Protein chains: 2
Amino acid sequence: MKQENFETQQVDTKQRILDAAEHLFAHEGFKGTSLRDVTGRAGVNLAAVNYHFGSKEALLRAVMERRLIPLNQVRIERITKVRDSALQKGQRPPVKELLRAFIEPTLQFKESSPGAEDFVALVGRSFSDPDDTVRNVFMKLIWPLFQLIFETFHEALPELSEKTLLWRLHFMFGAFSQTMHICCGRFHSDTIKMPLENDSKTIISMFIPFITAGMHAK
Amino acid sequence: MKQENFETQQVDTKQRILDAAEHLFAHEGFKGTSLRDVTGRAGVNLAAVNYHFGSKEALLRAVMERRLIPLNQVRIERITKVRDSALQKGQRPPVKELLRAFIEPTLQFKESSPGAEDFVALVGRSFSDPDDTVRNVFMKLIWPLFQLIFETFHEALPELSEKTLLWRLHFMFGAFSQTMHICCGRFHSDTIKMPLENDSKTIISMFIPFITAGMHAK
DNA sequence: GTCTATAGATTGATAGAC
DNA sequence: GTCTATCAATCTATAGAC
């Protein structure tokens, strides 16, 4: 039993800071967001960030962990289920099902709450963020999922060399990252607007055939 | 006729600033790089940036234009050549050749000079940079190439709807961006190192079959 | 063209009252 | 836990001597 919530102010403030930081880190970048921006948007005092989290870097870590840990858990469960169910029948895991197990939870999650969409955009860029803090926090959280994906796709496509498989998974992640930006409206500039439907159904129906064909190439 | 170079100091300073900024923007990001970092690395005075370029944003523009304008010209020429040569024979442009015409100049360029590698990493991230300045400068320079690619792939794959083609090109650009990071050593974190060969020959032999299959999917 | 010096604003973080 | 006030460092940009 944790403490009763007769002091809801605390947890509220923490949540409000996390929500504001998530939105701003996604839209303005980690370096491009000041703690004043965060507390201003959250409607809390400037000092609250360092009181509740300790530092800007720790705040980023908290933003990442809050959503990425449960999301990764779902993705790992679904991929494992596809793998086990295939192995039980003495078959290879089907690439198409593995891809679905990877992207569907992300897309469902994206539509589950307004803030989640910001988070998805943030994660999509963390792959290649120039800031070491961002990349390190993200990589540490995503690494077990990466390993599982590599192993399972190796079972699905044993005829591919490790080198080839690694490159193809990189292409997949690159396409996926790009998609996460587009589907969160982060692929525009002042002069150029890209007209793209971005509902989950469309994305799945576009992504899976393209990547499946690429994975089976040659 | 421009002025004679009895005053080489000026052009030297400008080049040194451009080289330093290119490296730092690529490795630390635009927001993560201060003008002090740039002038420190270039070995010139802090005030020189604003004297020669006017502002940090104008410096970014100069860094982008210096290499991206000639690179895009080569890519446009090569894609146009593939397109014209096919149309002359009454055939569709082959997807494989279009992809080669798109990525080969980039990879050759990457190996042409040490600084070019930094530039390629910078461009690979500009797609999704959170900073409006970076995205706007980049998008304005890349837009004519995008349009040509869309038109030419539409001729190559007329059976695809515009919507499907646009999504597939996005997947291609995403995979390409990711590749540009990897091949410039920008896909690591403190704890995690990815062992990937990244010479041009390997990249071409990996990228083209994967994307070609994806483009022709279904 | 290059330099020093500095303006003027913003940053992350903290001390101490309540 | 929340607040005001502020420190110390940093930033872009510029003025003016040489």
Side-chain angles (χ1 to χ4, degrees), chain A residues 2-25 27-64 129-134 136-137, chain B residues 2-25 27-64 129-134 136-137:
Chain A
K2 304 294 278 299
Q3 81 234 29
E4 298 298 318
N5 59 345
F6 43 74
E7 279 182 17
T8 58
Q9 197 61 16
Q10 173 190 173
V11 52
D12 252 26
T13 298
K14 256 184 122 161
Q15 296 297 335
R16 293 166 65 85
I17 290 173
L18 285 171
D19 291 341
E22 180 171 69
H23 181 270
L24 290 166
F25 290 165
H27 286 80
E28 312 296 334
F30 181 63
K31 275 260 163 62
T33 302
S34 72
L35 294 182
R36 282 166 179 81
D37 294 336
V38 173
T39 54
R41 184 182 172 89
V44 303
N45 188 271
L46 169 62
V49 169
N50 278 284
Y51 176 80
H52 285 287
F53 297 95
S55 69
K56 191 187 179 187
E57 180 170 335
L59 172 59
L60 172 69
R61 197 178 310 273
V63 167
M64 288 279 201
D129 202 286
D131 194 291
D132 290 337
T133 304
V134 176
N136 287 334
V137 167
Chain B
K2 306 292 280 297
Q3 81 235 29
E4 299 298 319
N5 59 344
F6 44 72
E7 280 183 15
T8 59
Q9 196 60 14
Q10 173 190 174
V11 52
D12 251 26
T13 298
K14 257 185 120 161
Q15 296 296 336
R16 293 167 66 86
I17 291 173
L18 284 172
D19 291 342
E22 182 171 67
H23 181 270
L24 290 166
F25 289 165
H27 286 81
E28 312 296 333
F30 181 63
K31 275 258 163 61
T33 302
S34 72
L35 294 183
R36 280 171 178 78
D37 295 334
V38 173
T39 54
R41 184 182 172 88
V44 303
N45 189 271
L46 170 62
V49 168
N50 277 284
Y51 176 79
H52 285 289
F53 298 95
S55 72
K56 192 187 179 185
E57 180 171 334
L59 172 60
L60 172 71
R61 197 178 308 274
V63 167
M64 288 279 200
D129 201 287
D131 193 291
D132 290 338
T133 304
V134 176
N136 286 336
V137 167

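Throughout, protein chains are lettered first and strands after them, A, B, ... in sequence-line order, and every chain is numbered starting at 1. Note that the coordinates shown come from a computational prediction; the quantities given were computed from them, not determined experimentally.
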| Where the side chain of A:T13 is defined as all heavy atoms beyond and including C-beta, which of D:dT2, C:dT4, D:dC3 is the nearest nucleotide? | D:dT2
| query | Residues in salt bridge (charged side-chain N to carboxylate O under 4.0 Å, His left out) with B:K56, at least two apart? | reply | none
| request: List the steps, then state whether side chain to side chain contact (heavy atoms under 4.5 Å, CB included) holds for A:F30 with B:K31. | output: CA-CA 9 Å; A:F30 181 63; B:K31 275 258 163 61; over 6 Å; no
Result block: side-chain N/O donor-acceptor pairs under 3.5 angstrom for residues 43-51 of chain A, not counting sequence neighbours:
| from | atom 1 | to | atom 2 | distance (Å) |
| --- | --- | --- | --- | --- |
| A:N45 | OD1 | A:A47 | N | 2.8 |

| task | List the steps and the verdict of side chain to side chain contact (heavy atoms under 4.5 Å, CB included) for A:T13 and A:H52. | result | CA-CA 9 Å; A:T13 298; A:H52 285 287; 3.8 Å; yes
| query | According to a 3.5 Å limit on both distances, what stems of 3 or more consecutive Watson-Crick or G-U pairs are formed with DNA chain D? | reply | C:1-18 with D:1-18
| query | What is the distance, rounded to the nearest whole Å, between atom CG of B:N45 and atom C1' of C:dT6? | reply | 13 Å
| Within this structure, what is the CD-to-P distance between B:E28 and D:dC11, rounded to whole angstrom? | 12 Å
| task | Please identify each residue that fulfils side-chain contact (heavy atoms from CB on, under 4.5 Å) with B:A20, with sequence neighbours left out. | result | B:V38, B:R41, B:A42
| query | If the sugar-phosphate is the primed atoms plus P, OP1 and OP2 and the base is the rest, what is the B/S/- string for nucleotides 11-18 of chain C, using protein heavy atoms under 4.0 Å? | reply | BBBB----
| Can you list the residues that meet the side-chain hydrogen bond (donor to acceptor under 3.5 Å, both in side chains) rule with A:S55, with sequence neighbours excluded? | none
| field | With sequence neighbours excluded, residues passing salt bridge (charged side-chain N to carboxylate O under 4.0 Å, His left out) with B:R61 | value | B:E57
| note | Separation of C:dC3 atom P from B:I17 atom CD1, nearest Å, is 10 Å
| field | Check: A:D19 side chain, A:R16 main-chain N or O, donor-acceptor pair, under 3.5 Å | value | no
